[in-house]
Amino acid sequence: MPDPLSRTYSPETWNVYDRLDVSLDPGGPDTLLDLAAEYLTGTPRILDAGCRDAAHLIELVTRHDATGVAADPVAVHIGWAREKVAEAGLSQQIEIFHGLAEDLPRPAAGFDLIWCRDVLEQVADLDAFTRALARLLAPGGRVIAYTSVVTELLEPGEAAMLRHHMGNVHENLHEPRLLDAFTAAGLTVERRVSIGTEWREWAEERTRPVSESLLRLSRLRRRREEIIAEHGLEIYLHAEANLHWLPYQFLGKLEAVVYVLRG
Ligand SMILES: C[S@@+](CC[C@H](N)C(=O)[O-])C[C@H]1O[C@@H](n2cnc3c(N)ncnc32)[C@H](O)[C@@H]1O
């Protein structure tokens, strides 16, 4: 048996890294659009609950000859959504609502698909939100909810650091809390798809966003005093937490997951 140092530098060990330089051909974020397509027939009505710039709703409406409503409470996001929808020439097909999805003034059962991508993490009143989704969903319709949940790999100190994220509601990152809210609203989990690290691998193989997060994080910490003096501690701690989001998904401390829900 060779000594440990010789083994460390032996081809037997070293060649493992060569294997890891080969892509596993991970799926990217478009897989969520493909998943939605499995549930869309005819001329569906789609709600994008938490639309940001409505980019995903525009794609869904275009692909499926659908109509839709894009809802978001943040004014700047609604401004972007209006611009993008107009640019896409879809102002007749897509209505924009500035407000919480739970305040959308629409009759019950008005949507065949509710697209809820990366939103559950941020919803202040999760029970009111899930109740609204259940109310708005047409019989036979589906909610497609993509979010991230904490795993047992997240250490207590890391969880405490993530709590400084100003946009997130930390309790919503706990899967049992989400499942309770779905059940209380009368929504059933039909499918749970674990995305795991696939979208992260896909993106890293193209534009290296995790590498960028880590570079920014190291610069943030080296400029800590100056950034706190100019922007305040709260912003500093938020940026620190936010810059851990993608790396923690990559490390499996946060699990990216999709729930397909029925009423
Ligand atoms: C991380 S962004 C994701 C945006 C977009 N769905 C995407 O995947 O790019 C979360 C969005 O959810 C919105 N949001 C948070 N709470 C909401 C609520 N109760 N109703 C509707 N949108 C909400 C935020 O304003 C924000 O635009």
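Side-chain atoms are counted along with the backbone in the values below, which use heavy atoms only and exclude waters and symmetry mates. Atoms within each ligand, like the ligands themselves, are counted from 1 in listed order.
The shortest contact between atom 20 (N) of ligand 1 and any protein heavy atom is with Ala101 N, 2.9 Å. If you check which protein heavy atom lies closest to atom 8 (O) of ligand 1, you get Arg117 NH1, 2.7 Å. The single protein non-hydrogen atom nearest to atom 9 (O) of ligand 1 is Arg52 NH2, 3.3 Å, given as residue, atom name and distance. In this structure, atom 26 (C) of ligand 1 lies nearest to the protein heavy atom Asp72 OD2, 3.5 Å. Among protein heavy atoms, atom 1 (C) of ligand 1 sits closest to Asp118 O, 3.2 Å. Nearest protein heavy-atom contact of atom 15 (C) of ligand 1 is Gln122 CB, 4.1 Å.
Remark: the Glu204 side chain and the Ser211 side chain contain no N/O donor-acceptor pair separated by less than 3.5 Å. For the residue pair Ser23/Glu205, the side-chain donor-acceptor check at 3.5 Å is satisfied. Between the side chains of Glu175 and Tyr259, at least one donor N or O lies within less than 3.5 Å of an accepting N or O. Between the side chains of Gln249 and Thr197, not a single donor N or O lies within less than 3.5 Å of an accepting N or O.
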Side chain to side chain contact (heavy atoms under 4.5 Å, CB included) between Leu32 and Arg117, worked out:
CA-CA 9 Å; Leu32 199 61; Arg117 185 189 184 281; 3.8 Å; yes
Using the rule given for salt bridge (charged side-chain N to carboxylate O under 4.0 Å, His left out), can you reason through Lys84 versus Glu87, listing the C-alpha separation, both sets of side-chain angles and the distance that settles it, and then say yes or no?
CA-CA 5 Å; Lys84 285 221 168 186; Glu87 272 169 28; over 6 Å; no
Stepwise, does the side chain to side chain contact (heavy atoms under 4.5 Å, CB included) test hold for Thr188 with Leu261?
CA-CA 5 Å; Thr188 308; Leu261 307 171; over 6 Å; no
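Every N/O-N/O distance between Leu100 and ligand 1 stays at or above 3.5 Å. Residue His77 places at least one N or O, backbone or side chain, under 3.5 Å from an N or O of ligand 1.
Residue-level proximity to ligand 1 for Tyr146 is absent, since no heavy atom of it falls below 4.0 angstrom.
Assignment of Glu121 to the shell around ligand 1 is not supported, since no heavy atom sits closer than 4.0 Å.
Residues Phe97 and Phe129 share a hydrophobic cluster, clusters being chains of Ile/Leu/Val/Met/Phe/Trp/Tyr side chains in contact below 4.5 Å.
Closest to atom 17 (C) of ligand 1 by heavy atom, among Gly50, Ala75, Pro73, is Pro73.
Taking every non-hydrogen atom of Glu102 and a distance limit under 4.0 Å, the qualifying atoms of ligand 1 come out as 18 (C), 19 (N), 20 (N).
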